[in-house]
Every structure is written in C-alpha cells, then in structure tokens.
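Below is one structure, written out as structure tokens, with a few remarks after it.
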Amino acid sequence: MVRDSSQPPFANSHILLLIPDGAKQRTTMQASYDAHLCEQTAQQRWEREGLLHAREQSDGDKYYCLCMLPYPSGRLHMGHVRNYTIGDVLTRFQRMHGRNVLQPMGWDAFGLPAENAAIKNGVAPARWTYDNIAYMRRQLRSLGFAIDWSREVATCRPEYYRWNQWLFLRMLDRGLVYRKTGSVNWDPVDQTVLANEQVIDGRGWRTGATVERRELPMYYMKITAYADELLTALDGLAGWPERVKTMQANWIGRSEGVEIGFPHDGGVLKVFTTRADTLLGATYVAVAAEHPLALQAAARDARVAAFVDACRRGGVSEAELATQEKEGVPAGVFVRHPLTDEKLPVWVANYVLMAYGEGAVMAVPAHDQRDFEFARKHGLPLRVVVRPAAGETPQAETLTEAFTGDGVLINSGRYDGLGSAQAMAAIAAELHTRKLGGKRTVYRLRDWGVSRQRYWGCPIPIIHCDACGDVPVPDEDLPVVLPEDLVPDGSGNPLAKCEAFIHCTCPRCGKPARRETDTLDTFVDSSWYYLRYACRDNDTAMVDGRVHYWLPVDQYIGGIEHAILHLLYSRFWTRVMRDLGLVKFAEPFTNLLTQGMVLNHIFFRKTAAGGITYYSPDEVVLRHDERGQFAGATLKADARPVEYGGMGTMSKSKNNGVDPQALVDKYGADTVRLFMLFAAPPEQTLEWSESGVEGAQRFLKRLWKAVADHVNAGPVTLLEPAALDALQRALRRRIHETITKVSDDIGRRYTFNTAVAAVMELLNALTRSDDATPQGRAVKQEAYTAITLLLCPMVPHICETLWRELGHAESAMMARWPRADAAARVRERIELVVQVNGKLRGRVAVAADADRESVANAALAEPNVRRFIEGRAVRKVVVVPGKLVNVVV
RNA sequence: GCCCGGGUGGCGGAACAGGUAGACGCAACGGACUUAAAAUCCGUUAGAUUGAAAAAUCUGUGCCGGUUCAAAUCCGGCCCCGGGCACCA
C-alpha cells in the first residue's frame, strides 16, 4: 500500500498530466458540489485502503507530525480545528513528498474541568471524560484528519499513567524527586485547595471567600538541576520560534551576581544581588514574610506578627504578589554591614519573594527603583554610591528616582573611582576573603511542584508508614490505580476520604499503612505522551525501539500559551529519560510551530456571594449606542445586563468556545478547514468571526464547477509547450508560478492563507479564459491537475473526488506533489516602477535581461517622470533590478 | 507589576532580505439572469481633490520623533489589545 518513493509518479514530471490513464469509466461529472458525499466517500476510502496507518519502515525519511493533545472538555472548539488543520496540512504535504508520516492523537484526560463538571452535575469525572472523548473523537474523524487512530492514548488510563508512576520512582531513586513544603491557595469556606484560576481578585470563585496561603508538604521535581542545560541548549533549537526561546530563557532567568552575608546576633543573613557595586549604598535589608528571620521576629513582636499574618491573605500567583501595594514593617532586628560593620535595620516586606535567591535583599534606595519608593514611603535613608560616567552626580536630597545605570563608584571608600564592573569583582573578592560571600549564579527557575490535592489525576506511588516513613510503591505493584467511581463535591479531595484506596500494607515492614492521596500535576502526563504514541501497546516497558525510529518529533504544533511550562517540562523530562538511558536525544521537538490563540468575547456575572459565572457569547445579546459602538450586553434568558470581560482564548472555563460542529454539518469539513486556514497565518492571534465561511464554500463550489465543465467537455490532447500561443504560455506560466508559491508557502513559510489566495488567483485566471482549442484545453488539464494537488493537503476530500474525475485511479492522498517547470516560468519582458524622490510617477516595460543603463534611460524617458524632473538636475538614479528605479532630483 | 507578541480600508488579511501599500476573500453598492427570490455571473469599493473622460495630484499602515534615495518594514519614546507568570490546560 505504501508507495515506493523512488518511483516518480509521471514519466515526464515537468508536465503534470498528459493524458488521463483511463481508470475512470467515462461518465458525466456531476455539475454541483456535494460536500457531505465527497467527505464520506473519501474518508471511507482512506479507511478501506489503510492509508492512515503509520508503520516503521526503513526506506524513505520518516516525518513525525504532532499536534498538542486536547483536553477532552466535551466539544471541539475553533482553536482545536485551527491546530489540527495545520497539522493535517503539513502531514499530508510531507506524505506527498514521499515521507513515511505519523500523525497520532490522544487525550490529556486528567484535570480540573472533570471535577468541576462533577460538582455541577454529580457525574463521575471518569464517566464524563470517557463520554467527552467518544464525542470529540467522532468530531475529529468527521473533519477528515489523517490521524493514525490505532495509536490513540488517554492519559487517565492505568496503562498510560503507570509509567508516570514508574518514572517518578526512578527520579526518586536518583534524588530528582524530593519533598518539601509549598504554598497553596486555601478556601476557608469550602475547606479546599484552589487553583490559581479559581482565585479571582483574591477570592474563591465559588464561595467568594478571601483566599489564604497555606503551607503543605509536596513533592518536587528537580528541574533546577537542568537549568543551565535547558538554557544553553536553546541555541541549538534552530527550528523553534525566536520568541519562544526568548520566553524560556527569561523564565529560566540565569543571573550572575554576588551572595552577601550580613552578620547578626543569631548568625548570618544571606542576600543575593546582581549589583554588588552598590553594596556601600545599602541602608537596610528586607526579607520575605516567610523568611526565618521574619518568623522569629513575629514571635517576639505583635506588629510583625500581624504583618506576616496579613501577607498570608490573598492568592499565591506571582501576578497577584507583584501587583499588590508594596508594604513592610521593621522587624526590630539589626544586621551588620559586611564591609563597614554599620548597623542596618531589617524590614519584613511583601515585595521580597521567598522563592527567589535567599528570600532576602539588600536595599539600595539610591540605585534601585523599588527600594527607592519603599525608602521614601518609610523615611529610610538614601546613599548615593554610583555616579554616571558622564553628567551630573545625583544628590541624595534631590533625587526623584533611583539611578539604576552602571557608572563610577563614589562614597565607597577604597572602591571610589572604580567602574561598576570592576567594583563588583573587587567587592566579591573582598567578601570572599572575609568569608561573607562571593560570586554566585542564581536562576529564577524554581523546582517543579507536582503534588495536587485533587482526585482526578495520577496517584503518587508512595505509601506512608508510621514505622518506615515515606515508602515507594514497589515496581511490581504498579500501577497504583485510581478508583474511577468517586464524585467530588467541592469540599476537598474525595480520594482522601476513600478508605478502600488509602488502607494498604507497608511494602517494607508489612504493617498497616496509608497511601498518598495527592495526585500528580497534569503537566506530568503531557511531558512524555509524544513518546508513548510510538509504542502504546507495550505493557512491559515505558518505551521501546519504535521510539528510536519515530522520535524526535519533526514538527510540533500547538498554542503559544504553552510556550513556557509544557514545553520546558517536556524538555526537562526528556533529559531525565536520556540520563536514565531510555532515549538517545535531549530535545523532543525539532521544529515548533506556535499557533496563535482563537479569541472570543467573554461575558460574566459576579454572584451574590462574590463568586463568578461565565456566559457563552450566544447566550447574550449585544447592545450598541446610536453611533454603533458596543455599549454592553444582556443575557437572553433574563434580559438583564452581564459584564464584559474583553477578548480571551476560547476555553471551557470562560465558556466562550465556539463548537465547529454546526458549521461542519452545514458546509462540510473542507469548507471549515479552508476557512480556518484562509482567515490568518497560523502564528497570529485570531478574533473569532464567522463571516468568510460562505466565501470558502463559494470557492470550493466554483472549483468543482470549473473542473466539471472541463471534464465534461471531453478528452484532452497531449500538451506541447512549444506549440502554445502567447496567451496559453502566459496562463501556463501562472500555473507554474503558483506551484512555486504554494510549495514555498506551505513547506517553508507555513502561510496557508497566502497559499489559498494564490490558488484562488489561478482559478480566477482559468475561469476567465475561454480557450477551447486542443492546446488550450491541454493547458487547463495541467492547471486543474496542479490545483487539485496543491489544495489536497488543505481540502483533501474534494480533491480526492476531483482527482478521480481528472482520471486517476490512485488516491490523491498518495499522489506526488507537483514540481514547477522552470522553463514555463521564464518572462521576456518585465514591468518596472519608476519613482521620483521616492514617489511613484510611472511604469516602464523593459527586457527581463536589460542592463542598468538602459533601464535608467527608459525610466528617464517616461512622460510623467519627465514632467517631474523637468528643469531640475538629476542627482542620482537608483536602479533596483527587477523592481524599480528611483530618480533623485 | 514582570516577560513575550501584535496594531494596515467597513471587516479578515497581503506586501517574504528597506523598494509599487491594500493581493486574496468577506461585507456593501450597482448591473445581468429570473414572474420573483435564492444561487450564479459581471462591475465598483482606503480617504480627499482636479477632470467630460483618459487620467493625475495630495493624504494615509496605533501615536510622537529619528535614520535612509526610499520605512507598514529599521531605531528611540509612548498608547492600546492579546499570551504567559509556576495549581486552567
């Protein structure tokens, strides 16, 4: 069934099709396009002929095209359609280039929405999830994606997640998993942990209660052990978008600086700074509310205790911490300056993050803007120790903002006169001699907390024994299976109340023990699923030899929202597996295409309790003022106002997804696919609008009718390029220019919108021509053959039928991509634009190979150009070959 | 608040390495076909000015400034929108 890639499909590959091969019985082609008939017939054929199954084979290059697996939220939305259509186009395009392609699909099936659905409707998350998968799988099939369904995985199945557990234990063996406390959002009313998404303005979304931060013991994966490698390896990812690499580099956030110890009665307070040159300007030290020094101070001082307590209110997200008002109190503790021995006060401040560096900073108000504002607010002193290399020296009394640039040191004793860089090195050296610090590199990246106090996730394979402590579940007892019949009610993890799950015996001492009831972060599931597609039927190993054939992924496609977390975790996980000898590569995704989000309006209401409810855009009516401007919206159900939340990503949680099914039912899959591709280039954000779907449908109908008219006019004769007249040559040139353009747009640029536009232009040119001569019809035969092949990756169903009508027995899916004939594209004369002083003043036609001088002379002779240069001296003539002439006067 | 993108006609977008701004499509308007409508086909469509017309000129790519023979594209500053910020996925 698989084509031998060494055989070209046509004897003369420059001329696309000479004579139909007669495989089709000559009957009249139907005049009108029936999308649903086409789609059903084509899908059945692909299935019947086994064209969707990928097999490991040695001949020909493999091409593994992967789309990020969907969360089974219930129905596909337009973001999915966009993602999977792009993937399908690239897969089919590569298949037509003779590659052995794999395009799998699966389900990111654990997660919060299943629990929310359970709370709302009382249905078990497992049941809800499996029903959703069944429905969405049907939707994906109806869109005609060339997916090898025999490799489907669902991350909520024990045969999948047992390998999460297995690898977790291997990481535990190697010290890459450890336990420590971490902060979570706590809803005091529901007595439950909330996700950051469920905290809105510091309140729980269901109860409206003010959220508190709580400390819980959790498992962490040591991604920081790979921080440096994950950062430096970005340079090698030539197939990744620059912006994604920049985001990851900033996220890892490597900083080279100096660690400084401030001695005090109870020991040494460590801080980290990238500006050790400003050390002599430090006038106080600030610590995070969770810092041991702050907690000690709180035990002695009621005011500090109250402040530390206040810091616990609100959520844990960085965005929330970073936008809150900067506040602090004196800890009532003092430290000594490591160089001057000066006594400096310690403050407890909410802007210091415990998770970064040492959870403490030296404050230099004259040279750090945040310290400056804090010092002004609390009347703390300010000392200028760096002046700009040129310009005025800032005066402490008159400063209106911190001077944060590098410069020359002043008021710094023996360091006076040194530049910032020299001073940093010298100060680091002195600290090192005094054993109070030295150079240090820190990362913004934190270890990956993987514990979730939730039911619908992969159980963490640990048993807690009073005698033996935390004991790993033995490999032979894996998987630890999650009971699928529990129904969360919003008050904590039902697993923690499930006696049948919790009770077990300690594998070490045999005494009764308790299972861990936390489950793993769902990012664990999605950190390696792309490996499992290669070998999902192996029940004795996580990966096998087939992984070495298919991986790494040649093309990965998914939303830009995953630019950091998912992609970084996957890169980390792959390295762990490499170091365990399970895979031979470090980077799982060779090429990455990050698709822009599909946005839609967000509407919501706050409930009486302070919670929030989202409404679908088709549940509301928009109101406009007399000038046609948007002026609010009301709910259809009760005609009362709803709040507008702006544009946002289509998602289950915001209730603003648009189900493509109605469009597929009405217009067919090809129209929906074509519309999504034509709407915008893939990387661009797309605000949802349905207008344009009709246009996509109209184009397919026009194409169908054009091919039908051509086919029904009877057999064609052999194309003889030498026998063509000028018009026929011009049309044929357009065919081959279009082949070049579309090949480049799909294969290199990924701009499917311009590829479609180019084919539309060619069809427009074709339908304007009424040349019925034998050679005229031969050119058209070549044109329709080319168009069918060029569109095949994008709208495969209609092309399957057109291909058959054009006389081919083999499926269009297995046909070879057309090659442009360079000879057909040659032009004799070209048109150039002529500018005078950069403004367009005329056009001239010249021979394609004309030299600069004759081009310039032709330009200067153009009548309108002469009008503008008359009576003025021509100072310069810029000739851009093939493009334009600019006359400067 | 921090990091990363984006902003072009009524709308989606095109202009790929600094060289014709508005390809292609939607919507709108006018016409053909039709008893009529739908569908289809043909035409017009950035704004302004001049002209009977052909055509020509001016302005114009979020805002302000700069570099260049030439800027949507490069540089500096600002505004707005979107994505991410570690428990949404």
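Letters A, B, ... mirror the listed sequences (proteins, then strands); counts begin at 1.
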Same-atom distance ([atom1]) from [N] to [M], integer angstrom:
N: B:A14; M: B:G62; atom1: P; result: 14 Å
N: B:G10; M: B:U68; atom1: C1'; result: 35 Å
N: B:C24; M: B:C42; atom1: P; result: 13 Å
N: B:U59; M: B:G5; atom1: P; result: 34 Å
N: B:A56; M: B:A21; atom1: P; result: 13 Å
N: B:C79; M: B:U20; atom1: P; result: 32 Å
N: B:A48; M: B:G60; atom1: C1'; result: 10 Å
N: B:C81; M: B:U8; atom1: P; result: 14 Å

Please determine which of A:Tyr529, A:Phe110, A:Trp528, A:Trp456 meets the ring-ring contact (aromatic ring centres under 6.0 Å, His included) test together with A:Tyr161.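 Single pass found, and it is A:Phe110.
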What is the distance from CG of A:Asp709 to P of B:C41, rounded to the nearest Å?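 Result: 11 Å.
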If the condition is side-chain contact (heavy atoms from CB on, under 4.5 Å), which residues does A:Met760 pass it with, not counting sequence neighbours?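 So A:Met760 forms a side-chain contact (heavy atoms from CB on, under 4.5 Å) with A:Phe678, A:Phe699, A:Val756.
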How would you list, by chain and number, every residue that makes a side-chain contact (heavy atoms from CB on, under 4.5 Å) with A:Ile830, sequence neighbours excluded?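 Listed in chain order: A:Arg827, A:Leu832, A:Val846, A:Ala848.
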Closest to the A:Ala195 side chain, choosing from B:G5, B:C88, B:G19: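 Ranking B:G5, B:C88, B:G19 by closest atom to the A:Ala195 side chain puts B:C88 first.
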From the options B:C85, B:A14, B:C4, select the nucleotide whose nearest atom is closest to the side chain of A:Ala319.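 Per side-chain heavy atoms of A:Ala319, the pick is B:C85.
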Can you give the dot-bracket line for RNA chain B, using ( ) for pairs inside the strand, [ ] for pairs that cross earlier ones, | for pairs with another strand and . for unpaired bases, where Watson-Crick and G-U count if both distances are under 3.5 Å? (((((((..(((......[....))).(((((.......))))).(((((....)))))..(((((..]....))))))))))))....
Classify the side chain of A:Arg748 and the base of B:C16 as holding, or not holding, a donor-acceptor pair under 3.5 Å.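 It does, because a donor-acceptor pair links the side chain of A:Arg748 to the base of B:C16 below 3.5 Å.
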Roughly how far, to the nearest 0.5 Å, is OG of A:Ser527 from OH of A:Tyr569?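 Going from OH on A:Tyr569 over to OG on A:Ser527, the span is 8.5 Å.
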